[in-house]
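Right, one structure below, let's go through it.
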Amino acid sequence: MTDGTTPGETRGPAGGAGAGAGDGGGPAAAPRGTGGRSGATPPAAGGRAAQLAHTGLRSGWTTGACATAAATAAYTALLTGDFPDPVTVTLPKGHTPAFALAAQASGAGGDGLPWEPPREGPGPAGPGAPWAMAGVVKDAGDDPDVTHGALVRVTVRPLPPGSGVVFAAGPGVGTVTRPGLPLEVGEPAINPVPRRLLREHLAAVAARHGRTTPDVRVCVSVDHGEEIARSTWNGRLGILGGLSVLGTTGVVVPYSCSAWIDSIRRGVDVARAAGRTHVAACTGSTSERVAVALHGLPEDALLDMGDFAGAVLKYLRRHPVPRLTVCGGFAKLSKLAAGHLDLHSGRSQVDKGFLADLARRGGASTELADRVAGANTGLAALQLCTARDVPLGDLVAAAARDEALRVLRGAPVAVDVVCVDRAGTVVGRAGPRGA
């Protein structure tokens, strides 16, 4: 799960939020058909890893992980003529899954391949330049992911020296058309962490075969991706033409309301049994890192709240811990601030009108408040206010803290709230209150 509301790779209105995919970091079993191995360590007695294991659901891999595997295989074939199968990649938290190739092809020249759009930008390195394509079938584990079973293809072509890695959106991968997302308008909807993973793995392949840097065009496509994207929020966010390539850890954390809520309760029980007086409820691994950095909390004091703010607060109302830090993406916590206890994008949306009202309370002009109300995303609203020195992040954090205290109904729990952006930068804070 990336913190905040991100383009929906997974789970449209009937499933989990696109932001929910890939921010897990819990142990992942090897997905079906990959021949993979996860490289995961055994879960601890408490904390986030144990909470994830408690659900009994099988994790999977994000589209970003699949694209990285396909690109690694395609670039290796471009340099050597041979496709590694299976192909192993290393994900940000140390998982090392191996993916079986579901498609592979190579040749020379040839525009107009069915999985590749016409080239733009730097041309190929000479006439008849070679190309290679590899494809991996996405396995989302037990997550109700709309992209489960989709074929993710990557076509790699050489570019002139000094070009670096150039990304392109093939059929089924969207293009960003509105501001407020972590990519510039006009860019392929391949999010920052998958881009970094792709660059790192291509650089490793280049180094293994005596190249200094990869100078290649990387075109990512998803079979039937434009059709699948109709079940996500991409169109509403201005991502047109297909899916987003997402993932911050490469792991899809399986989503089940009952199992997840039960795991939250067990996490609170473990923390209380260990004598913890301070716990942190986090929306994902990015916010969890921030909470640990701010408060130095041990693993068994960390609750993987995900979208279930209500489940955390209602259980702590009956089984209190003296101090609760709620840490999460700005957009998700703006939903809590507005009174939503389920932060899932299919069941609650960022209320730009509410953010505009908060901005007015923080000194925003009518013109700025109107722009906030019309912003494309919560992040865009935050950026507008930050540029005018209106502390929208702090206002959202304070409103979220007040809503949490309302749900706690006087339970002996002091609450503070931390809002972060996708990079893990703190963009809003409200100090402890209550108890």
Completion exercise
The complete set of salt bridge (Lys or Arg N to Asp or Glu O under 4.0 Å) pairs with one or both residues in residues 378-399, sequence neighbours excluded, reads E367-R388
Problem - Distance (rounded to the nearest 0.5 Å) between L297 CG and C282 SG - result: 8.5 Å
Practice task
Can you sort out the partners of H209 under ring pair (Phe, Tyr, Trp, His ring centres under 6.0 Å), two or more places apart, ordered by chain and number?
Solution key: none
Problem - More than 12 heavy atoms of other groups within 6.0 Å of K314 NZ - result: no
Fill in the blank from the handout: Taken in chain and number order and not counting sequence neighbours, the residues that satisfy side chain to side chain contact (heavy atoms under 4.5 Å, CB included) with E187 are L183, E184, R195
Problem - Counterpart residues, side chain to side chain contact (heavy atoms under 4.5 Å, CB included), relative to T90 (two or more places apart) - result: T96, H201
Fill in the blank from the handout: Residues at least two apart in sequence or cross-chain that pass ring pair (Phe, Tyr, Trp, His ring centres under 6.0 Å) with Y315, listed by chain then number, are H319
Side-chain donor-acceptor contacts of residues 64-77 below 3.5 Å, not counting sequence neighbours, with atom names and distances?
from, atom 1, to, atom 2, distance (Å)
T68, OG1, G64, O, 2.8
T72, OG1, T68, O, 2.8
T76, OG1, T72, O, 2.7

Handout entry: Beyond-backbone contact of L313 with L324, side-chain heavy atoms, under 4.5 angstrom
Key = yes
Handout entry: Partner set under side-chain hydrogen bond (donor to acceptor under 3.5 Å, both in side chains) for R208, not counting sequence neighbours
Key = none
Handout entry: Residues forming a side chain to side chain contact (heavy atoms under 4.5 Å, CB included) with A337, sequence neighbours excluded
Key = F354, V396, A399, A400
Exercise for the section: With sequence neighbours left out, write down each residue that passes salt bridge (Lys or Arg N to Asp or Glu O under 4.0 Å) with D215, or none if nothing qualifies. Expected result: none
Exercise for the section: Determine, for R58 against D139, whether the closest basic-nitrogen to carboxylate-oxygen distance falls under 4.0 angstrom. Expected result: yes
Problem - Validation row: V220, R153 side chains within 4.5 angstrom (heavy atoms) - result: no
Handout entry: Min side-chain heavy-atom separation D307-T283 under 4.5 Å
Key = no
Exercise for the section: Can you sort out the partners of E200 under side chain to side chain contact (heavy atoms under 4.5 Å, CB included), two or more places apart, ordered by chain and number? Expected result: R196, L197
Exercise for the section: Using the test salt bridge (Lys or Arg N to Asp or Glu O under 4.0 Å), find all partners of D416 that sit at least two apart in sequence or belong to another chain. Expected result: R323
Handout entry: H224 atom NE2: more than 12 heavy-atom contacts under 6.0 Å
Key = no
Practice task
Report the distance from atom CG of L392 to atom CG of L384, rounding to the nearest 0.5 Å.
Solution key: 9.5 Å
Problem - Minimum side-chain heavy-atom gap F330-L355 below 4.5 Å - result: yes
